[in-house]
S.K.: 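Below is a structure I'd like to ask you about.
In this text the structure is predicted, and so the values were computed from the model without any measurement. Both backbone and side-chain heavy atoms feed into the values below; hydrogens, waters and symmetry mates do not.
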Amino acid sequence: MRPWQGQVDKVPPAKILEYDPDCYLCPGNERAGGIRNPRYAHTFVFENDFAALRPDVPRDRLDVENRGLLVAQGEPGICRVMCISPRHDLTQSTMPTQDIEAVIRTWTAQFQELGAMPQINHVQVFENRGAAMGASNPHPHCQIWSTGSIPEIPQKEFAAQRSFLDKNKSCLLCDYAMLEERQKVRVVGRNEGFIALVPFWAVWPFEIMIVSRRHLGTLIDFTPAEVGGFAGILKLVTSTYDRVFDAPFPYSMGLHQSPTDGGPHPASHFHVHFFPPLLRSTTIRKFMVGFELLGTPQRDITAEIAAERLRSLVSASI
């Protein structure tokens, strides 16, 4: 752990148009292969023009020399892109909360539609914000990847949640959220339905996890009030991030929900991860190198210091 050495490098604000005629995600504009977007007014979802997953891929298995060393298997799936606003110049941090509610409702509809497909067992909603996270277009958008198998990281989380439930007869994240409520030092913000906190085990400097207060498995389980609460906590987190260095804050964000394989998943608890790379300024990033790459991650700042810094900016961000 290193002491906090934060600095704010003033970055001239980029002049982003409300509508960009050269943007392939703006309403009415042309995408790859001549496909033209409708003049959408709210959210817009389409099949990824350069999908990493395709539904017609066979699930053939390869095991070179049948020794279990070089093993691969086909992964059918569906990749979609979702524009979260028709405006080119908005992000979750600058959108009205009611517009974020519309985004959540579209996520829910997509999760329900994709999860109902017999070949889909997991639906991953995620957003990469900013060039630092590989976003090639500033137009506000996220992605939805649905797969036949459960990816590695959610699989590990499910295993830990099941083990905790078997051992303690209670939900891991329900218990953890209540513990953090009592401790207070790592909490960034809260409302009636959700709590945003810097996890005790955080690896990224300003990592945040949002946990539902009620035991929910997926977006489908939300009440209308919880949709509003979730929109509010997303707005709080993203707008607070933009105040850390007085600049648009890059991050990867992902929703973790129950599998869609049709089985019961009583241990699964809805939560959201935010992984931002910035460390001490807009130009200094956190990289995994040396012992962190070869041994185990080290914390540049403690979860408590990160949460304190973020809490101090909450009132200025909303």
S.K.: Just by distance, do the side chain of Glu75 and the backbone of Gly148 share a donor-acceptor pair under 3.5 Å?
M.R.: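 Yes: the side chain of Glu75 pairs with the backbone of Gly148.
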S.K.: Would you say CD1 of Ile35 has more than 12 non-hydrogen atoms from neighbouring residues, nucleotides or ligands within 6.0 angstrom?
M.R.: yes
S.K.: Is it true that a side-chain atom of Ser93 and a backbone atom of Pro248 form a donor plus acceptor pair closer than 3.5 Å?
M.R.: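 No.
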S.K.: Same cluster for Trp145 and Leu114 if Ile/Leu/Val/Met/Phe/Trp/Tyr side chains link at under 4.5 Å?
M.R.: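 Per the 4.5 Å side-chain linkage, Trp145 and Leu114 are not co-clustered.
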S.K.: Does a sphere of radius 6.0 Å around OH in Tyr19 hold more than 12 heavy atoms from other residues, nucleotides or ligands, not counting ones at 6.0 Å or beyond?
M.R.: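 Check passes, neighbour count above 12.
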S.K.: Applying a strict under-4.5 Å side-chain criterion to I, L, V, M, F, W and Y, I'd like to know whether Phe194 and Met95 cluster together.
M.R.: yes
S.K.: From Ile100 CD1 over to Trp107 CH2, what is the distance, rounded to the nearest 0.5 angstrom?
M.R.: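 Ile100 CD1 to Trp107 CH2: 8.5 Å, rounded to 0.5 Å.
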S.K.: Decide if atom CD of Glu192 counts as having more than 12 heavy atoms of other residues, nucleotides or ligands within a radius under 6.0 Å.
M.R.: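 Open: at most 12 neighbouring heavy atoms sit under 6.0 Å from CD of Glu192.
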S.K.: Rounded to the nearest 0.5 Å, how far apart are CD1 of Ile195 and CD of Glu180?
M.R.: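 Answer for the CD1-CD pair, Ile195 versus Glu180, is 7.0 Å.
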S.K.: Taking CD in Glu152 as the centre, count heavy atoms belonging to other residues, nucleotides or ligands within less than 6.0 Å. Is the count above 12?
M.R.: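 No, because the 6.0 Å sphere around CD of Glu152 holds 12 heavy atoms or fewer from other groups.
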S.K.: Leu197 and Val244: same hydrophobic cluster, using ILVMFWY side-chain contacts below 4.5 Å?
M.R.: no
S.K.: Any side-chain to backbone donor/acceptor pair from Asp63 onto Val71? Under 3.5 Å, distance only.
M.R.: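 Checking the backbone N and O of Val71 against the side chain of Asp63, no donor-acceptor pair under 3.5 Å is found.
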S.K.: Should Glu207 and Lys286 count as an ion pair when the cut-off is N to O under 4.0 Å?
M.R.: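 Salt bridge flag = no for Lys286 with Glu207.
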S.K.: Is it the case that more than 12 heavy atoms not belonging to Arg39 sit under 6.0 Å from its CZ atom?
M.R.: no
S.K.: Verify, without hydrogens or angle tests, whether Asp221 (side chain) and Leu216 (backbone) share a donor-acceptor contact under 3.5 angstrom.
M.R.: no
S.K.: Which residue in the set Leu173, Leu219, Ile220, Thr218 passes side chain to side chain contact (heavy atoms under 4.5 Å, CB included) when paired with Phe270?
M.R.: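 By the side chain to side chain contact (heavy atoms under 4.5 Å, CB included) criterion, Phe270 pairs with just one of Leu173, Leu219, Ile220, Thr218: Leu219.
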S.K.: Does a sphere of radius 6.0 Å around CD in Glu113 hold more than 12 heavy atoms from other residues, nucleotides or ligands, not counting ones at 6.0 Å or beyond?
M.R.: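 For Glu113, atom CD is crowded (more than 12 foreign heavy atoms under 6.0 Å).
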S.K.: With Pro76 as reference, evaluate Arg54, Arg59, Gln119 under the side chain to side chain contact (heavy atoms under 4.5 Å, CB included) test and give the passing residue.
M.R.: Arg59
S.K.: Is a side-chain N or O of Gln124 found less than 3.5 angstrom from the main chain of Leu255, in a donor-acceptor match?
M.R.: yes
S.K.: May I ask you to check whether Tyr251 and Phe249 place their ring centres under 6.0 Å from each other?
M.R.: no
S.K.: For His269 and Tyr176: C-alpha separation, side-chain torsions, deciding distance, then whether side-chain contact (heavy atoms from CB on, under 4.5 Å) applies.
M.R.: CA-CA 11 Å; His269 188 120; Tyr176 176 62; over 6 Å; no
S.K.: Before we go on, tell me: are the rings of Phe126 and Phe275 under 6.0 Å apart, centre to centre?
M.R.: no
S.K.: Taking side chain to side chain contact (heavy atoms under 4.5 Å, CB included) as the criterion, tell me which of Arg129, His273, Gln92 meets it with Met253.
M.R.: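 One option only clears the test, and that one is Gln92.
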